[in-house]
Asker: 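The structure follows.
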Amino acid sequence: MISVSGATVEPFGSFVSNLFTRWGDLDISIELSNGLHISSAGKKQKQTLLGEVLKALRMKGAGSHLQFISSARVPILKFKSNRQGVSCDISINNLPGQMKSKILLWINKIDGRFHDMVLLVKEWAKAHKINNSKTGTFNSYSLSLLVIFHFQTCVPAILPPLKYIYPGNMVDDLKGIRADAENLIAETCNAGINRHISNTARSINKKSVPDLFVEFLRKYAQMDSWASELGICPYTGQWEQIENNTIWLPKTYSIFVEDPFEQPQNTARSVNAGQLKKISDTFSKTYAFLSSNHHNLNSLLTMLAPPHVVKSITTPIRNYDGSYFHPTQPKVQRAMRPPLQLQPHFQYAGPGTSSNSSPSNGNMQMPRGTNSYIPSSNGHIQMSRGTSINIPSSNGHIPMPRGTNISSSSSNGHMPMPRGTNIGSSSLNGHIQKPRGTKKPRGTNFNSSSSNGHVVMHKGQQIWRPKS
């Protein structure tokens, strides 16, 4: 029985590298205690301990979809948390995985487009089902390395060969006292990154992420034709002839993407020959599509996002004149929200929204900063501070917070107004009153050309009205 006294649970992977998506797994490493020194449990010990964790999860009922991949080079226990619904991958003493994740995070300091590009590639790959090592396609780490290699080989280059960030084999330096080893790696990477950034002689690549993405697709579009001969080496930042690289032989893989921090491991070893053809076709198809001029917003999204995301952000919204419009720049955090409903409740998505709306008989809630033109409203309109609204005719009830501005040519309803409310009205057929026993809010001004109803005013209140 392996002792777990003093063990710690530490995250790594995309959660640490800040390259995670909402669909990704949470990578967890159980680090066994070995005093100040790095623990060195063997594969058999790791398999045994993960077996015990599996029994505990089953006994406690803490997870579902449990899968123990004991034969993998790094044994992994997969499960889905019953409480949070998060998919987790548990490994033992995966300090190399933790340090690789940190280096990917530090690389983003060189150029922020790396972060954006990786997220775009991962979402695109997930949408086309080529981002799953269990089905014989790329894992997320190998996709990140493909982006790094693309940034190293584009013209002009954005990233340097990683041997200039960390010379040598990083995993070989994970020995001895853990704190010392981690500090040495961090200091070495930081020095290499700062040296590259401060190199004023290097050419600057100013291409946008979309342009870089199209070039990325073109670069790897025919991978099934060259993968048996050429390997991808982010450490040197160059294509490598497989037959000339003795450390890659005699093993044969469908495609070789070397781990720059754990040479000569192939991060794409899970890709099989059958899926390589599918992957290559996906690259080629998307590249051909994005290079053409025969696509619209909807068709573009189907190439870049999963179907459920596409459905959510392309659901048409009815406009005031009966036409439809589609949001062109949806934010990620809003992508999964249900489509807006007009009847009986219409709620704007956020501050700064502008809209023209047809009559609404339900409830219209608009956040701060909303501007709207509403020809007629028979229902109830709640407006936050700073709301501006133009209503030619209103037969309902309009409660308005402080700072609300309203221009109304005719109002037959009831309008209670807090402090700071301003009204300019050419005709007012209804009544403007305040609850009995309350004082008129400071700063309320009434400018009325004609009033056929009644205006309740308190002592000291002034109103201008032209002579009839």
Side-chain angles (χ1 to χ4, degrees), residues 14 19 21 23-25 113-114 116-155 207-234 238-243 248 251-259 266-311 313-314:
S14 60
L19 299 174
T21 66
W23 329 111
D25 298 335
R113 287 173 294 181
F114 170 65
D116 298 341
M117 184 73 168
V118 170
L119 294 188
L120 173 59
V121 168
K122 288 171 68 172
E123 290 287 1
W124 164 78
K126 180 69 72 174
H128 292 275
K129 296 180 171 40
I130 58 171
N131 181 203
N132 189 345
S133 60
K134 293 185 292 185
T135 60
T137 58
F138 287 120
N139 58 40
S140 294
Y141 183 46
S142 59
L143 287 175
S144 298
L145 293 178
L146 288 180
V147 173
I148 287 178
F149 189 72
H150 175 50
F151 277 29
Q152 292 170 331
T153 54
C154 62
V155 181
K207 294 177 182 177
S208 67
V209 171
D211 288 339
L212 290 169
F213 180 62
V214 173
E215 291 183 357
F216 171 86
L217 297 170
R218 180 178 60 187
K219 181 171 294 182
Y220 299 119
Q222 305 296 328
M223 65 175 64
D224 58 331
S225 64
W226 50 255
S228 61
E229 300 177 0
L230 294 175
I232 295 169
C233 187
Q238 296 178 345
W239 301 92
E240 297 280 352
Q241 289 285 340
I242 294 177
E243 63 179 10
W248 289 356
K251 290 184 177 181
T252 58
Y253 298 98
S254 298
I255 186 171
F256 206 103
V257 182
E258 187 182 52
D259 190 333
N266 178 17
T267 64
R269 57 186 172 272
S270 63
V271 177
N272 60 50
Q275 292 289 46
L276 180 62
K277 175 62 176 174
K278 174 186 175 182
I279 294 170
S280 184
D281 289 344
T282 300
F283 272 82
S284 299
K285 180 180 178 182
T286 307
Y287 170 67
F289 177 81
L290 295 182
S291 300
S292 69
N293 296 320
H294 305 291
H295 53 264
N296 55 35
L297 175 63
N298 286 352
S299 59
L300 179 62
L301 288 172
T302 61
M303 299 297 292
L304 301 178
H308 56 285
V309 174
V310 174
K311 181 179 179 180
I313 62 182
T314 60

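These numbers come from the heavy atoms of this one structure, side chains and all, not from hydrogens, waters or symmetry mates. All of these numbers come straight from a predicted model, not from anything done at the bench.
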Asker: Measure from the side-chain N and O atoms of Gln275 to the backbone N and O of Thr135, and report whether any donor-acceptor pair falls under 3.5 Å.
Answerer: yes
Asker: Can a donor-acceptor pair be found, under 3.5 Å and without considering hydrogens, that links the side chain of Thr267 to the backbone of Asp259?
Answerer: no
Asker: Using salt bridge (Lys or Arg N to Asp or Glu O under 4.0 Å) as the criterion, list what pairs up with Glu243, not counting sequence neighbours.
Answerer: none
Asker: Step by step, work out the side-chain contact (heavy atoms from CB on, under 4.5 Å) result for Leu146 and Val121.
Answerer: CA-CA 10 Å; Leu146 288 180; Val121 168; over 6 Å; no
Asker: Give a yes or no on whether the backbone of Tyr220 and the side-chain of His150 come within a donor-acceptor separation of less than 3.5 Å.
Answerer: no
Asker: Tell me, please, which residues at least two apart from Asp25 pass salt bridge (Lys or Arg N to Asp or Glu O under 4.0 Å).
Answerer: none
Asker: Side chains of Trp124 and Leu217, heavy atoms from C-beta outward: is any pair under 4.5 Å?
Answerer: yes
Asker: What's the separation between atom CG in Asn139 and atom NZ in Lys122, rounded to the nearest 0.5 Å?
Answerer: 10.0 Å
Asker: Is there a side-chain contact between Gln241 and Leu230, using heavy atoms and a 4.5 Å cut-off?
Answerer: yes
Asker: Considering non-hydrogen atoms only, spot the tightest contact between Gly231 and Trp248 and give its length.
Answerer: CA-CZ3, 3.5 Å
Asker: Measure from the side-chain N and O atoms of Ser291 to the backbone N and O of Ala288, and report whether any donor-acceptor pair falls under 3.5 Å.
Answerer: no
Asker: Working to the nearest 0.5 angstrom, can you tell me the gap between Ile232 CD1 and Gln152 CD?
Answerer: 10.5 Å
Asker: Can you tell me how far CG of Asn131 sits from OG of Ser142, rounded to the nearest 0.5 angstrom?
Answerer: 7.5 Å
Asker: Between Ser254 (side chain) and Val271 (backbone), is there a donor-acceptor pair under 3.5 Å?
Answerer: yes
Asker: Counting N and O atoms only, with roles assigned by atom type, does the side chain of Asn266 sit under 3.5 Å from a partner on the main chain of Val257, one being a donor and the other an acceptor?
Answerer: yes
Asker: List for me each residue that meets ring-ring contact (aromatic ring centres under 6.0 Å, His included) alongside Tyr253, sequence neighbours excluded, and say none if there are none.
Answerer: Phe256
Asker: Who pairs with Trp226 by ring-ring contact (aromatic ring centres under 6.0 Å, His included), at least two apart in sequence or on another chain?
Answerer: Trp239
Asker: What class does the angle between the rings of Phe151 and Phe114 fall in, given that below 30° is parallel, 30 to 60° is tilted and above 60° is perpendicular?
Answerer: perpendicular
Asker: Using 0.5 Å steps for rounding, measure from the CD1 atom of Ile279 to the NE2 atom of His128.
Answerer: 12.5 Å
Asker: Indicate the atoms forming the closest heavy-atom contact of Phe138 with Ala268, along with that distance.
Answerer: CE2-CB, 3.9 Å
Asker: Any side-chain heavy atom of Met223 sitting closer than 4.5 Å to one from Leu276?
Answerer: yes
Asker: Could you list the residues that satisfy side-chain hydrogen bond (donor to acceptor under 3.5 Å, both in side chains) with Asp211, not counting sequence neighbours?
Answerer: Ser208
Asker: Atom NZ in Lys277, atom OG in Ser225: separation rounded to 0.5 Å?
Answerer: 9.0 Å
Asker: Name the one of Asp116, Leu19, Val118 that satisfies side chain to side chain contact (heavy atoms under 4.5 Å, CB included) with Val147?
Answerer: Val118
Asker: Report yes or no: do Asp281 and Ser284 form a side-chain donor-acceptor pair below 3.5 Å?
Answerer: no
Asker: Any donor-acceptor pair under 3.5 Å linking the side chain of Ser280 with the backbone of Ala221?
Answerer: yes
Asker: Check whether Ser292 reaches the backbone of Phe289 with its side chain - one donor and one acceptor, N or O, closer than 3.5 Å.
Answerer: yes
Asker: Are Phe283 and Phe216 an aromatic pair, judged by ring center distance below 6.0 Å?
Answerer: yes
Asker: Once rounded to the nearest 0.5 Å, what's the spacing between atom NZ of Lys207 and atom CD of Glu215?
Answerer: 3.5 Å
Asker: Which heavy atom in Cys154 sits nearest to a heavy atom in Lys219, and how many Å separate them?
Answerer: N-NZ, 3.7 Å
Asker: List the residues meeting side-chain hydrogen bond (donor to acceptor under 3.5 Å, both in side chains) with Lys129, not counting sequence neighbours, and say none if there are none.
Answerer: none
